[in-house]
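Positions are given from 1 along the sequence. As the structure is a prediction and not an experimental result, all values here were calculated from the model.
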Amino acid sequence: QVQLVESGGGLVQAGASLRLSCAASGRTFSNYVMGWFRQAPGKEREFVTAISRSGGSTSYGDSVKGRFTISRDNNKNTVTLQMNRLKPKDTAVYYCAADRFNGARLSNAHSRSDEYDYWGQGTQVTVSS
């Protein structure tokens, strides 16, 4: 079992930056691919980004490429999402997720929410125009 707790959400203006963190506990953190997803009201859960077990491989959704950066610290069992140049359409609940995975790199499946085994409770990000 893995427990994930997100933090860092809030209300910001368009163009601002925000950093989300996800703290993991319960299992060997470096055995897990970590991902971030988001869900806006009335919309399906959307892939934001994922990072491989070592941190050497990352993947981003098209809507956040060039603005968001994912990183992880396997010594501190944390994954961070740095969000820059935020837009109102980034408004959503952001979820951290973990996938028990043996591969060294990401697979195409890591952009799908059903690939992940554990989820955090989510943190709200609201971007005003």
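- The side chain to side chain donor-acceptor pair (under 3.5 Å) search around S25 returns Q3, not counting sequence neighbours.
- Every side chain to side chain contact (heavy atoms under 4.5 Å, CB included) that R53 has, sequence neighbours left out, goes to N31, V33.
- Shown here are the side chain to side chain donor-acceptor pair (under 3.5 Å) partners of Y32, two or more places apart in sequence or in another chain: there are none.
- For S57, the side chain to side chain contact (heavy atoms under 4.5 Å, CB included) partners two or more places apart in sequence, or in a different chain, are S52, R105, L106.
- For the 3.5 Å distance criterion, the side chains of E46 and S63 qualify, holding a donor opposite an acceptor.
- The side chain to side chain donor-acceptor pair (under 3.5 Å) search around E6 returns Q121, not counting sequence neighbours.
- With sequence neighbours excluded, the residues satisfying side chain to side chain contact (heavy atoms under 4.5 Å, CB included) with S71 are T80.
- Sorted by first and then second residue, the salt bridge (charged side-chain N to carboxylate O under 4.0 Å, His left out) pairs with a member in residues 66-82 read R67-D90; sequence neighbours excluded.
- Pairs engaging residues 100-121 under the ring pair (Phe, Tyr, Trp, His ring centres under 6.0 Å) rule: F37-Y116, F37-W119, F101-H110, H110-Y116 [sequence neighbours left out].
- Note on residues 12-111: pairs passing disulfide (SG to SG under 2.5 Å), not counting sequence neighbours, are C22-C96.
- Contacts classified as salt bridge (charged side-chain N to carboxylate O under 4.0 Å, His left out) and involving residues 110-129 (residues at least two apart or in different chains) are given here: R112-D114.
- With sequence neighbours excluded, the residues forming a side chain to side chain donor-acceptor pair (under 3.5 Å) with R19 are Q82, listed by chain and number.
- Residue pairs satisfying the disulfide (SG to SG under 2.5 Å) criterion with at least one member in residues 97-129, sequence neighbours excluded, are absent.
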